[in-house]
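Every number for a ligand or one of its atoms is a count from 1 in the order of the listing. Nothing fancy with the numbering, it's 1 onward along the sequence. Keep in mind the model is a prediction, meaning the values are calculated, not measured.
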Amino acid sequence: MSNNIVISGGQWGDEGKAKITDLLSQRADYIVRFQGGANAGHTVCVGDKSYKFHLIPSGILFPDKISIIGPGTVIEPSYILQEITNLKEQGMSLENLRISGLAHVTMPWHILIDKAGDKVGSTGRGIGPTYTDKFKRVGICMFDLLDQKLLENKLDKFLPEHNNVLEKLYNLPAINKQEVLEQYLSYGNELREYITDTTQLLYIAYKQNKKILFEGAQGALLDVTFGTYPFVTSSNPIAGGASVGSGLGPTAINHSLGIFKAFTSRVGLGPFPLELDENSPDAANLRQDNTQWAEYGTTTGRKRRVGWFDAVLARYAIRINTYTSIALTKLDTLDQFETLYICNEYKSKSTGEIIKDIEYLDESILEQYEPVMTELKGWNTSTFEVNKFEQLPELAQGYIKHISNILEIPVSIISTGPAREDSIFIDNNIF
Ligand code: IMP
């Protein structure tokens, strides 16, 4: 029986997945990114050092694990080379990094188009246009960068169309084929040692009963199919994306862990039913303004929008990910509140009907409801760095049990600070 896990965000990203991934990576043999690209940003704190990752799985911090950037990801070669250089400068070995030859390449036109045509508050990393070209079947794969003929053929076939879009639609200068060819072959050369068929690697690992951890980026509410469309990313961050984006089928994955912050945040545009006024004291407290953990994007530095915990959206995420348990992160953020709020239901503005489950997340549907807030007494004492459930204040234990009850799902891990040690395992056997 395999013992593999997928970890994915249950909200709009930034749930603290990196911390939990890092914790569980210690128990894994293989760590696999399966979707997204350098739009993601993870910070992992080890001792007094903090490491920032965009594309490379944080599993690279463990020299004995294989870290895979899978077929479903999109890669901007200069970003990943920069990330490799940074990690090497911090003394990391990149020997165990593998990049799928099938991953699509973010080309210069993708970034230009993303910035010029953005309507959702994207990260500007070219993610949407790269996936668009993949599905339009005019994209370039990582293995193309390893062979001059392949790359030149594709540029000959596709570049005129891309240049047409750049010039006619966006009034931007065309891309010069020779320059892009030379630049991307040179990237290919630099990345050659890492590029491989990762599906074979993973299948062999699976057959040998190795432990595989699939690391999602972004979150369920940003999923291109199930999220707050069109204010979403262009990939499938949900648990099911792990199979599609890695090439290892769903029967190989038996745990699905959803990561939720003890409140909610979002960057970029799009509906957010529980959003607090950004200037309110509660918003500033949830954002932890003026602390080193303040809620500002790792990738873009943007101030995150924040609100209380939304159980209606959490139920939706639990459903579409079929989570087996959830992790609650940033519990300590709530330490300073006298009163806490949770939204367990939405109320129809027109009929007064109360719902606990929502069917679609379209803005026009979400607008028809107002959140019904439950007031809870805050514990108002520090839970920072607490690592035993019994040592949490009773009211904090109650908050966690309440969330578990209303969502009808076990909470398996609680995070009370950025370091590995600041964690409570309620179920130590999930992986
Ligand atoms: P894109 O992924 O850059 O195309 O951006 C699409 C939407 O997803 C925007 O609202 C971004 O702010 C959001 N987004 C993308 N990556 C992340 C992430 O890692 N955390 C949170 N939001 C993200």
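- Ring pair Trp109/Phe158: centre-to-centre distance not below 6.0 Å.
- Protein residues with a heavy atom under 4.0 Å from ligand 1 are Trp12, Asp14, Asn39, Ala40, Val120, Gly121, Ser122, Thr123, Gln218, Leu222, Val232, Thr233, Val267, Gly268, Arg302.
- Classified by interplanar angle (parallel below 30°, tilted 30° to 60°, perpendicular above 60°), the ring pair Tyr399/Trp379 is perpendicular.
- A cation-pi arrangement is present between Arg27 and Phe425 under the rule of less than 6.0 angstrom and at most 45 degrees off the ring axis.
- Side chains of Asn387 and Arg420: no donor on one and acceptor on the other come within 3.5 Å.
- Counting only N and O atoms by type, the side chains of Asp282 and Ser280 include no donor and acceptor under 3.5 Å apart.
- A cation-pi geometry, defined here as NZ or CZ lying under 6.0 Å from the six-membered ring centre and within 45° of its normal, holds between Lys211 and Phe431.
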